[in-house]
Amino acid sequence: MKQPVKHGIVFFAFVAACGALLFSCSKEEVKQAECDILAAWVEGAEYEHLFFKASDMRVDNISSTTTEIVFTVQSVSALPTEMPLYLTLTEGATSTPASGEMQDFTQGPVTYTVTSEDGENQRRYTVAFRQPDTPVGSSYTYSFEGIDSTGLNDFAYNIFYEVGSDGERNYIWASGNEGVAILHPDWRPAQFPTRSTAEGYQGFGVSLTTQDAGALGRFMGKPIAAGNLFIGRFDVGQVILDPLKSTVFGTPVSQEPMTLRGYYKYTPGEVFTDAQSNPVEDRTDEANIYAVFFRNQDAEGQPIALYGNDVLSNPYIVKKALVASLPPTEEWATFEATFEGAEADAQVLAAMGYSMTLVFTSSKGGDDFEGAVGSTLCIDEVTVTFKNE
Amino acid sequence: MRRIVILILTVGATLVAQAGDGHLALRARVGYNLGATTPLGMPASVSSIDAYRLTPSVAVGVDMAMPLGARWLLAAGLRFENKAMDADITAQGYHMELRRASESIEGLFTGKVSQQVSQWMLTVPVYAVYECSPRWRLKAGPYLSLLVGRDFSGIASDGYLRQGGPTGPKIAIGDTPGTWATYDFSDEMRRVQVGLMLGADWKPMQRIGFSLDVGIGLTGIFPSDFATVEQTLYPIYGTVGVFYAID
């Protein structure tokens, strides 16, 4: 009986060897293929006076779709012709110029090329230092005549800009289009929830339509996409994980806003549905328009931004203008609201310590994915009046 | 592939026709399949295998052998079995596609992948047997499997997707339902698989013996025009078995 026992040991050793073989395949350490700038900053006491406040010296959480990094400074002409810019890159990536290398930002944007660790991929960024370009005078009217189409990965949808006093385009407006474009890379501008319309109150206006988010949207618990437009930026990175964090509201302003008014048309969609796509009888969709004025830096010098979950409740909000109701109308009608809350502090204002956002949406409950597919809000000639000293 | 199918069917039919002669030796088998549906060699996009859980990968069947010469036999069998896999991996830049109806998000995923494969099948192995000794037999030959139950699905979580490629939009993926991404390519799987089987039977007792077989798929589990899963995945399974010989 000795022989079989020995064979038995060999036999089961073979079983173990086969199992080990399947899972122990050795492989090379994989090199990073990504090449992003994750953060950019200026450091050193000698540069602090160039900025309005400490939080302006850093640009953090740079979205993966960003290609223009803009720092706000008090005066471009005050910048030294040699200043080091520091960068945090994807692990293993390298940049030209390198992080910390002296650059001259007084002659306009400087281009940085980032190459991935594996050498296979590159991304180009521009870094600019600009003076704040905010509304001046007793009122400012947003006319939505500055229309562009962006084409990231061939996505094409309208984006809106204001033209600054220096003639540069300020892309202060954002929308959820970027998130929709993830699902529909082949769509044209007119297919997106937020788009320009040639039938504005004067010239072009903006049309916002609540849309069915399609099979994939429903599958991810996001059955509708409300048309929205707001001052701020859209961070596509959060669109699945935490959609309310993808809307980042506000841009700095140098004056205290007092009133908000403009023109609108509104047609609610026929069937109101809840977040689970169930029809809710006797409920009609509503549009929403509001403006928020808030402190953009906390006591520790950290930047404050408002997100979808706290745009009306953040403790750093100073005053808000809420449009009470927007009755359905097929003809252009006016809307207006007064900013209510506390007064601005003149010193904080002078230090660009306040930001403002304007928000328009075709479905008031769009953040919670409630609304009626087809609800359409058109807006144009939106005026904010400022306090006259 | 077609030639292998014809060979297997021909040999199988010949053996069944011989069954009446009483020269056939039957072996009833019960086994357990242990292995993986895996690319050949570890792809660079798989950083680590974090967990490998046992699955109900049982195999039951019978085969019959007819003598061909002094030490050679020709055998065929019929087996009902499952070749499953349940594994967690950490991926870096793993190509994947999230799809519902006509919409899809495609790109490179970095994070955790929990992969489930289940392949219930009827398998017909046809093989040559070499009798080393009365106790030992070596076996080799092709097999044909018809899948009756298919599952290839999983969850990508705790990471991010770069849409389109390494410089595309970076979308965070969470670790809860609704914020993670699930995929299911069950319907894309081939219904027929062919492969090669190598093995040994060891019969220390009069009737009862033990077997070890290794089956390697010759074709991927998906048709070659299915590009979503980047690497060709082959079913590679070892079967540890017990058999009862009826001579």
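Order of the sequence lines sets the chain letters (A, B, ...), proteins ahead of strands, with each chain counted from 1.
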From the list B/Gly174, B/Ala87, B/Ala172, B/Pro177, the residue making the most non-hydrogen contacts under 4.5 Å with chain A is B/Ala172

Qualifying residue, where the test is side chain to side chain contact (heavy atoms under 4.5 Å, CB included) with B/Gln163 and the options are A/Val236, A/Ile182, A/Thr65: A/Ile182

Which atom names give the shortest non-hydrogen contact between B/Pro166 and A/Glu34, and what distance separates them? O-CG, 3.5 Å

Interface moiety of A/Gln122 toward chain B, non-hydrogen atoms closer than 4.5 Å: backbone

With chain B, the option among A/Ser246, A/Ala33, A/Gly179 that has the most non-hydrogen atom pairs under 4.5 Å is A/Ala33

Report, as yes or no, whether the 6.0 Å neighbourhood of atom CG on A/Asp60 holds more than 12 heavy atoms from other residues, nucleotides or ligands. yes

Tell me which one of B/Thr176, B/Asp175, B/Thr179 satisfies side chain to side chain contact (heavy atoms under 4.5 Å, CB included) with A/Leu241. B/Thr179

Could you check which of A/Asn121, A/Asp235, A/Val239, A/Asp242 has the highest count of heavy-atom pairs closer than 4.5 Å to chain B? A/Asn121

Rounded to the nearest 0.5 Å, what's the gap from CD1 on A/Ile240 to CG on B/Leu161? Could you check? 7.0 Å

